[in-house]
Protein chains: 2
Amino acid sequence: MSSSNFKHDLFSQFARVGKALSNANRLELLEFLAQGERSVDELATVSGLTVANTSQHLQQLRQVGLVSTRKEGLKVYYRISGEDVIELFQALRQVAERHVAEVERLVNTFLTVKDDLEPVPADELLQRCRDGLVTVLDVRPPEEYAAGHVPGAINIPLAELESHLDELDPQQEVVAYCRGPHCVLAFEAVETLRRKGRKARRLEDGYPEWKASGLPVEGTSNNE
Amino acid sequence: MSSSNFKHDLFSQFARVGKALSNANRLELLEFLAQGERSVDELATVSGLTVANTSQHLQQLRQVGLVSTRKEGLKVYYRISGEDVIELFQALRQVAERHVAEVERLVNTFLTVKDDLEPVPADELLQRCRDGLVTVLDVRPPEEYAAGHVPGAINIPLAELESHLDELDPQQEVVAYCRGPHCVLAFEAVETLRRKGRKARRLEDGYPEWKASGLPVEGTSNNE
DNA sequence: CTACTATTCAATTAATTACTTGAATAGTAG
DNA sequence: CTACTATTCAAGTAATTAATTGAATAGTAG
């Protein structure tokens, strides 16, 4: 094989990873998996896809090594293969945010209207946690919280937030986070809290990005 | 628009970037552009694609903002839009290297056979340069060298290496680099030098990765 | 103004992809 | 062993993508 055939073959393999990331449904599945391992049935439910379609997409992700599986009885559990996959997804999202005008338009139209304050960077949140100066609020579903969360975070899903305000120290600022930097739930949580007169901001990233950057996490059991 | 429609629309935009990276030819064009700006005609020549096909692929890269253009007379010059695009390409390549078995097989079959020593990390090379302990050899074509290179690097294209050995200090180890971590030319340069009794190793990355990580560069003029 | 150069556009063809639907497979409870 | 559950497979359909080919467009030299 010549040098240029080798190079083309190598880039074709790289392109397989790009191809795996070229469908919106697969990206969404990756974001769900970034919170912790899930079964096919669970993924179909949260994503709104049919089980067969979900399975097809997961096969493609598995074939390029972005996810891996384990079996337990009838169920097959999928998980992200490594932190490098989270970092790739993050890099792709950041490039899209910076260079795709439609991303900026969508974010401005649907997110910035809810919270136009600068989000809190992860290292700043870590320091303020250590100083005991903030309440960290995780608004993901309980099973995602159980799979891993920011140390000291309280888990109140968004739908229950208004009826659980008494769990939040009124003297402290709340920093809310969710599955990723564009998860609407974190924005809505901040909006709700501010409407109730609380000081609230968002964390810059979601839980997977926090974890991938090596910051401490609590609650992880089957995620090495 | 509902929250789930918003999320799907947002991920569709992210998927557009993935789609741009899902073709081997576009990835190769990105690697060429990572060395410095090129015209459509030049890119068609080095990639072996027709001009029309090259132009089509460049349109797709431009539409998601991975590359940008400037005109000079008849010619349109394309360039990488930002260092974040280089970092995305690097993240994609690293995920493929780690998780796609065929990548490992190709690399082992065609590269490791030429150089199975550990490559030199960028920060180590920087330190050794400052200590004056190595000769840095850039084996890319002269126009890519002119567009930017590692400070102090000598430019000897591979085809001319054997007839220019006298340009290399026999007392110093040579560290060779090229367009990227899998560029065959760097491997062949090391192989050639070792056959001539010289101490030689490869830099871990290519020039674009060196530059994207903020290390000092020489020779950049039209690249901000 | 004409002829040439460089690039992009548009239509066509072949290949690939996404989803659906029904069948097949593997594991388990009774 | 049978019936059920969870998942994957395979075939079909519609949409999308990649490359080719020829036309169109924009800029320039003479």
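Proteins get letters first, then strands, A, B, ... in listed order; numbering begins at 1 in each.
- The partner of C/dG30 is D/dC1, by the rule that a Watson-Crick or G-U pair needs both atom distances under 3.5 Å.
- The residue B/Thr54 sits apart from the nucleic acid: no heavy atom pair falls under 4.0 Å.
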Nucleic acid footprint by protein, nucleotides 20-30 of chain D - heavy-atom cut-off 4.0 Å, B for base, S for sugar-phosphate alone
BB----BBS--
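- Distance CD (A/Glu28) to P (C/dA18): 15 Å, rounded to an integer number of Å.
- Applying the Watson-Crick and G-U wobble criteria (two distances, each under 3.5 Å), C/dA24 pairs with D/dT7.
- Side chains of B/Gln59 and B/Arg62: a donor-acceptor N/O pair is present below 3.5 angstrom, by distance only.
- A donor-acceptor contact closer than 3.5 angstrom links the side chains of B/Gln13 and B/Arg16.
- For D/dT17, the OP1/OP2 oxygens have a side-chain nitrogen or oxygen of B/Lys19 closer than 4.0 Å.
- The residue among B/Thr69 and A/Asn25 whose nearest nucleotide of DNA chain C is located toward the 5' end is B/Thr69.
- OP1 or OP2 of D/dT8 sits under 4.0 Å from a side-chain N or O of A/Ser55.
- Note on B/Asn23: every side-chain N or O is 4.0 Å or more away from OP1 and OP2 of C/dT16.
- Between A/Arg38 and A/Leu33 there is a side-chain heavy-atom pair separated by less than 4.5 Å.
- Separating the CD atom of B/Gln59 from the C1' atom of C/dA6 is a distance of 13 Å, rounded to the nearest angstrom.
- Across all strands shown, C/dC19 is found opposite D/dG12 as a Watson-Crick or G-U wobble partner, with both distances under 3.5 Å.
- In this structure, CG of B/Leu61 is placed 11 Å from P of D/dA18, rounded to the nearest angstrom.
- Between A/Leu58 atom CG and C/dC19 atom C1' there is a gap of 15 Å when expressed in whole angstrom units.
- In this entry the distance linking CZ of B/Arg16 with P of D/dT16 reads 14 Å, nearest Å.
- Here D/dT5 presents its P atom at 12 Å from NZ of A/Lys75, a figure rounded to the nearest Å.
- A cation-pi geometry, defined here as NZ or CZ lying under 6.0 Å from the six-membered ring centre and within 45° of its normal, holds between B/Arg202 and B/Phe187.
- For D/dA19, one of the phosphate oxygens OP1 or OP2 lies less than 4.0 angstrom from a side-chain nitrogen or oxygen of B/His57.
- Using a 4.0 Å heavy-atom criterion, one finds that A/Tyr78 contacts the sugar-phosphate atoms exclusively.
- Atom CD in A/Gln63 sits roughly 12 Å away from atom C1' in D/dT8 (whole-Å rounding).
- When the options B/Val139, B/Leu161, B/Asp138 are evaluated for a side-chain contact (heavy atoms from CB on, under 4.5 Å) with B/Ile156, the one that passes is B/Leu161.
- Residue A/Glu42 is classed as having no contact, given no heavy-atom separation below 4.0 Å to the nucleic acid.
- Closest to the side chain of B/Gln60, out of D/dT7, C/dA6, D/dA18, is D/dA18.
- Note: CG (A/Leu29) to C1' (C/dC19) measures 14 Å, nearest angstrom.
- In this structure, B/Arg26 reaches the sugar-phosphate backbone alone: every heavy-atom distance under 4.0 Å involves primed, P, OP1 or OP2 atoms, never a base.
- Under a 3.5 Å cut-off, the side chain of A/Thr45 and the backbone N or O of A/Asp41 do form a donor-acceptor pair.
- D/dT20 is paired with C/dA11 under the Watson-Crick or G-U wobble criterion, all donor-acceptor distances under 3.5 Å.
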Run the side-chain contact (heavy atoms from CB on, under 4.5 Å) check on B/Val64 and A/His99 step by step: do they pass?
CA-CA 7 Å; B/Val64 294; A/His99 298 289; over 6 Å; no
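- For the pair B/Asn155 (side chain) and B/Arg140 (backbone), a donor-acceptor distance under 3.5 Å is present.
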